[in-house]
4 protein chains.
Amino acid sequence: MSTPGKPTAKAAARALAQRERILVAAQKCFVVHGFHAASMANIADTAGMSAGLIYRYFKGKNDIILAIIERQLEEARADIAKLHATSDLVAGIAEVFGQWQANDPNVTSAALFLELTAEATRDEEIAVATQASDRVFRSLLGDWFVRAVADGGLGVSQDQVATRVLILQCLIEGLAMRAISQPDLSVDQVKSALNQFLPSLLTA
Amino acid sequence: MSTPGKPTAKAAARALAQRERILVAAQKCFVVHGFHAASMANIADTAGMSAGLIYRYFKGKNDIILAIIERQLEEARADIAKLHATSDLVAGIAEVFGQWQANDPNVTSAALFLELTAEATRDEEIAVATQASDRVFRSLLGDWFVRAVADGGLGVSQDQVATRVLILQCLIEGLAMRAISQPDLSVDQVKSALNQFLPSLLTA
Amino acid sequence: MSTPGKPTAKAAARALAQRERILVAAQKCFVVHGFHAASMANIADTAGMSAGLIYRYFKGKNDIILAIIERQLEEARADIAKLHATSDLVAGIAEVFGQWQANDPNVTSAALFLELTAEATRDEEIAVATQASDRVFRSLLGDWFVRAVADGGLGVSQDQVATRVLILQCLIEGLAMRAISQPDLSVDQVKSALNQFLPSLLTA
Amino acid sequence: MSTPGKPTAKAAARALAQRERILVAAQKCFVVHGFHAASMANIADTAGMSAGLIYRYFKGKNDIILAIIERQLEEARADIAKLHATSDLVAGIAEVFGQWQANDPNVTSAALFLELTAEATRDEEIAVATQASDRVFRSLLGDWFVRAVADGGLGVSQDQVATRVLILQCLIEGLAMRAISQPDLSVDQVKSALNQFLPSLLTA
DNA sequence: TATGAATGAGCGTTCATTCAT
DNA sequence: CATGAATGAACGCTCATTCAT
């Protein structure tokens, strides 16, 4: 009231920063322990705050999970945007595969992605969020496929888009499982395989 | 000791049957609730026995999870065997996709598969088991690719096998995620996509 | 199964005994600390068991409260039955007042009665239970008023019953508050006052 | 110190106003949620101030409860004063009963009264406060009973006062419980009952 | 004076595991 | 062999209270 505007903005900024701190900590904990095994105390410790404080910024544990899903959607959107910029889809996918294999708790985790998807079969809220996220992702991929080559797209015909997107997604998401189940699979092998089979998917 | 030979064999058979009862119940519970949310009481109820009795046949909950992984290996082997028998790989994969989408607690579950794989990044024992299982699976698939056409194989050259197996696995496992994240994807669409892209993978 | 009937009956008896142990402990704790301030750990300690065990016999804390209400109803029924037997209503009420003033955690507590009634304005389940209990109590009292003198009743006319029951209840329940707020009020003073004003209530 | 006299008086007045704001808010919250279930955050919100500020005016939650008791004493004194003014005691009591049944959070609440009394059996400070309050109330009622009819009193003899006050209080406080446990009891029924039994209490 | 972010202890509850029967 | 009562540690979460701003 005394200094209008500013203090509120400052407080809002702090709140956002705190939410971010919590989400980063939660992501690490979820990657390391899994959704259910990671405790709020775990997350609080990792975030360097008391457990109770988390509830000022999130309604509960489930709320954190949903926020993490949205984070992943935004990261995915950013990745898609990069696809537009680069002509080298193979290198992009291979890089993501490398990150998944390294299992760095700070970036998108393959394990988290799998567990999240599995959880969608049990939690209605999570199901809604993941399916919505997935729809957006497919739509973005589809736009890229269908756009004219002159505009940075692939110029694929409309009746082919769904099929191509499906296969491409299977390849990418399948690599998430390979990153875990086949730790001795090298990035180069992945590149080589993709170089051999992706072109037929990407040509009009 | 008192009645040697026969009774022991009988007891061992009973023990195996009990383990099987428990595993079947556990699989159902895990599919429905997930590994961590499924309680031992749940499993005991489903198996129609007391909670305490389970500990005569398994060291603990983790021990059951490990056994479930081995069960899945067996089932995977059976699936591979069916691939040999059928000439129609596309129909086979599409059928599995349909089962995954239906999420029948009695057959291999996509969600369980994902959760299990995710868990492998956290539990060393599970990692070892899943990777061993995966190696066997790849080996069986590889054999089929490399075997002569006359012997029911595909006659693919040795230096192409790893690549082909990799792509095929990505497609199959990618469909596990599609079954969950894209519930409106029809079996026919999957068949159509596979029919378009599998041939290039399966020809020598 | 092996020894049918008996074991189940034994188990049921034990379960009932455990429920009773818990209810007795809960009543003590509720009297001493109040409904909300009494913790499940408190009750478990008082009952001489672990906190977790309580949940085998009660759904939760609210379930215990509801069971205590029913207990009180049964005790009230027993008290009413005694009224039938004795011609000395004044002595009976005065005795109850004495127990209330002593605040013995083992018998019906005035404080518990008040808190329970207050809670009924907030918890729908408790409201339903207390009102049902109250209806039964009033009905029993009314029967006694209306019954012929020859049958141990008071022979009060039908159109007078509701009024008489109302006043009598106010006097009894009012004494519950007096027992707390006026600790120096003697049982004899209560008797004297009741002897002076009850007769007009009890004559046809 | 810097501006002696006046500013201090102003500050004291402000402090009293703040205390009043808090007490009004607390009373509302206590009526709705009960003493223990009402949170300091609740009270702060209702009072339109921050939670921390309350601690400048009250030592803690218990301190607020004690202050509320004193408030009720003030209200009770006011009610007694009204009894003096009206010749119709029955109508006055019936009106209070109606307010109790309506459970208006802005006036004296029956539920709060009961909970407060119950709490007196547990908290020594509350016991002292309620008993002192009760003594004053009885004294005021007694004065009215004993005062000469010519002075607006009832002219009851000294040795009858205690008994009459006791019965009258039981009737009034008993109606507090009736208001909760017998929600279908009408104000008219109460009036009718009081009209029948009060006269014998009020005549010399 | 006033705020509200932060703490930390304690809550009700669940559940893997043990063991007397 | 089989039971299920019992434990105890941990969980997610709430809230009275404090204190830097």
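Every chain is numbered from 1, with letters handed out A, B, ... down the list of sequences.
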Legend entry - Distance, rounded to the nearest Å, where M40(C) contributes CE and dC11(F) contributes C1': 16 Å
Inset, instruction - Find out whether H33(D) and N42(D) are in side-chain contact, i.e. whether some heavy atom of one side chain is under 4.5 Å from a heavy atom of the other. - result: yes
Inset, instruction - Rounded to the nearest angstrom, tell me the gap between atom CG in N42(D) and atom P in dT17(F). - result: 15 Å
Legend entry - Protein-nucleotide distance (H33(C), atom NE2; dG10(E), atom P), rounded to Å: 13 Å
Inset, instruction - Specify the residue among A51(B) and F35(A) whose closest nucleotide of DNA chain F lies further upstream toward the 5′ end. - result: A51(B)
Legend entry - Atom of F35(C), atom of K61(C) and distance for their closest heavy-atom approach: O-NZ, 3.0 Å
Inset, instruction - Grab the NZ-P distance between K61(B) and dC15(E) for me, whole Å please. - result: 8 Å
Inset, instruction - Give a yes/no answer on whether the side chain of Y57(B) brings an N or O atom under 4.0 Å of OP1 or OP2 in dA2(F). - result: yes
Legend entry - Any strand: nucleotide that pairs with dA20(F) via Watson-Crick or wobble, under 3.5 Å: dT3(E)
Inset, instruction - May I have the distance from R19(B) (atom CZ) to dC1(F) (atom P), rounded to whole angstrom? - result: 14 Å
Inset, instruction - Determine the minimum heavy-atom distance between F58(D) and D63(D), stating which atoms define it. - result: CA-OD2, 3.6 Å
Inset, instruction - Would you please confirm or rule out a distance under 4.0 Å between OP1 or OP2 of dC15(F) and any side-chain N or O of S39(D)? - result: no
Inset, instruction - Provide, to the nearest angstrom, the distance between the CG atom belonging to L53(D) and the P atom belonging to dA5(E). - result: 15 Å
Legend entry - Whole angstrom value for the distance that separates P of dA5(F) from CD1 of I54(C): 15 Å
Inset, instruction - Establish, with yes or no, whether the OP1 or OP2 oxygen of dT1(E) is under 4.0 angstrom from a side-chain nitrogen or oxygen of Q18(D). - result: no
Inset, instruction - Establish, with yes or no, whether the OP1 or OP2 oxygen of dT14(F) is under 4.0 angstrom from a side-chain nitrogen or oxygen of Y55(A). - result: no
Inset, instruction - Check every strand shown and say whether A15(B) touches a base, only sugar-phosphate, or nothing at a heavy-atom separation below 4.0 Å. - result: nothing
Inset, instruction - Return yes if some donor-acceptor pair links the side-chain N/O of R21(B) with the main-chain N/O of G48(B) below 3.5 Å, else return no. - result: yes
Legend entry - dT1(E) OP1/OP2 closer than 4.0 Å to side-chain N/O of R56(D): yes
Inset, instruction - Anything under 30° is parallel, anything over 60° is perpendicular, the rest tilted; go ahead and classify H36(D) against H36(C). - result: parallel
Inset, instruction - For H36(A) and dA10(F), give me the distance from atom NE2 to atom C1', rounded to whole Å. - result: 15 Å
Inset, instruction - Hey, which sits more toward the 5' end of DNA chain E by its nearest nucleotide, A38(B) or M49(D)? - result: M49(D)
Inset, instruction - Indicate, with a heavy-atom threshold strictly under 4.0 Å, whether A44(A) touches base, sugar-phosphate, or nothing. - result: nothing
